[in-house]
2 protein chains.
Amino acid sequence: MSRDNTNKRNYLTSQRQAVLDVIREAGEHLTAQEIFDRVRAKMPRLAYGTVYNALRHLKESGLVRELKFGDAASRYDAKVERHDHVVCVRCGAMMDYEVSGIESLVKEAARRTKFTILDAHVEFKGVCPRCR
Amino acid sequence: MSRDNTNKRNYLTSQRQAVLDVIREAGEHLTAQEIFDRVRAKMPRLAYGTVYNALRHLKESGLVRELKFGDAASRYDAKVERHDHVVCVRCGAMMDYEVSGIESLVKEAARRTKFTILDAHVEFKGVCPRCR
DNA sequence: AGTGAATTTAGACTTAGTATAAATTTCATC
DNA sequence: GATGAAATTTATACTAAGTCTAAATTCACT
């Protein structure tokens with residue numbers, strides 16, 4: 001019996017597809033370790049490095065977005081449109097959020113700093129209703 | 001000859017003071033490693049862990065602020081008031097910045113998410129004038 | 001079937017940061 | 001001044017996230 005002969009060379013290998021599926025199916029933002037564990041449940045030979053390879057590829061293809069927060073490992077998100085986050089400092093819960101009027105903030109920052117602004121991210125820290 | 005007998009127990013030991021001095025004198029946001037190197041130049045027996053201990057203490061005392069950015073190690077800032085940052089994706093240069101009207105963004109986030117918002121940080125990514 | 005390019009695998013390695021036990025320092029009291 | 005408790009520093013071992021590399025595998029194409 002030959003190995004699952006899904007496509008290579010088209011750059012969306014079975015491993016990368018599996019990583020993408022896991023991220024899309026997750027209701028939360030997973031870490032690389034969590035992704036590794038879940039994909040590995042279906043592909044026991046999966047190497048740890050392959051997950052990072054897949055994540056880099058998927059990021060470059062614009063299929064996932066990497067979220068970097070305070071203390072912990074990067075998390076990965078299938079929602080690729082620009083958006084912001086609210087994080088609970090007690091329990092760590094994280095909520096997607098979108099500030100209104102980001103465009104004017106970006107324009108003002110560009111004008112005042114002379115940078116070409118490519119992206120903006122707002123992170124609110126606070127206490128969620130359940131922890132309060 | 002006894003060792004430099006600066007104060008302990010008042011919680012601002014000579015090591016912590018040295019760490020704070022280095023952060024205040026730096027024109028940039030230093031990593032723990034950079035702080036360690038600079039303080040160690042004056043205190044050769046300084047232990048790596050002591051820098052982290054000092055940084056934690058100084059954070060808790062509100063004397064320094066920890067900045068966590070994308071890829072790299074935490075950086076430490078003697079400017080403790082809330083402020084934002086603009087980062088160059090090419091050379092890594094980082095500029096302090098302050099968005100206008102953060103208060104209304106915070107209020108809106110509190111209203112819409114039901115979180116008690118304690119802090120907000122805006123990070124712009126872009127290309128600095130020199131890299132462009 | 002054979003070749004070349006990209007990918008996966010397995011595992012070593014790097015870096016940032018934490019944990020711990022022993023030694024040191026200080027404060028407070030005698 | 002000597003003593004003892006509490007906190008800190010030192011030195012070092014350890015953990016966790018992520019990168020690197022060499023060999024094996026897979027695939028596209030002839």
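The chains referred to below are lettered A, B, ... by the order of the sequence lines, with proteins before strands, and numbering in each begins at 1. What you are looking at is a predicted structure, and each value in this text was computed from that prediction instead of being measured.
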Are R75(B) and E34(B) within salt-bridge range, i.e. N to O under 4.0 Å? yes
With a cut-off of less than 4.0 Å, is there a side-chain N or O of [X] near OP1 or OP2 of [N]?
X: R45(B); N: dT9(D); value: no
X: Y52(A); N: dG18(D); value: yes
X: Q15(A); N: dT26(D); value: no

[options]: which one has an atom nearest the side-chain heavy atoms of [X]?
X: T13(B); options: dA17(D), dG17(C), dT8(D); answer: dT8(D)
X: L46(B); options: dT10(D), dT9(C), dT8(D); answer: dT10(D)
X: T50(B); options: dT18(C), dG18(D), dT10(D); answer: dT10(D)
X: A47(A); options: dG17(C), dT9(C), dT10(D); answer: dT9(C)

With a 3.5 Å cut-off and no angle check, do the side chains of D96(A) and H85(A) form a donor-acceptor pair? yes
Could you tell me the separation between the [atom1] atom of [X] and the [atom2] atom of [N], rounded to a whole number of Å?
X: Q33(B); N: dT14(C); atom1: CD; atom2: P; answer: 15 Å
X: M43(B); N: dA11(D); atom1: CE; atom2: P; answer: 11 Å
X: K68(A); N: dA16(C); atom1: NZ; atom2: C1'; answer: 14 Å
X: R16(B); N: dT8(D); atom1: CZ; atom2: C1'; answer: 7 Å
X: R40(B); N: dT9(D); atom1: CZ; atom2: C1'; answer: 12 Å
X: R56(B); N: dT9(D); atom1: CZ; atom2: C1'; answer: 12 Å
X: F36(A); N: dA10(C); atom1: CZ; atom2: P; answer: 9 Å
X: N53(B); N: dT10(D); atom1: CG; atom2: C1'; answer: 11 Å

Please report whether the ring centroid of F124(A) lies less than 6.0 Å from that of F115(B). no
Contact summary for Y76(B) and E66(B), nearest pair of heavy atoms: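 Smallest heavy-atom distance, with atoms named: OH-OE2, 3.3 Å.
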With L55(B), which of I35(B), L63(B), T50(B) fulfils side chain to side chain contact (heavy atoms under 4.5 Å, CB included)?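 Answer to the side chain to side chain contact (heavy atoms under 4.5 Å, CB included) test with L55(B) among I35(B), L63(B), T50(B): I35(B).
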Assign T31(B) to base, sugar-phosphate, or nothing according to its heavy-atom contacts below 4.0 angstrom with the strands shown.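 The answer is nothing, as T31(B) stays clear of every strand by at least 4.0 Å.
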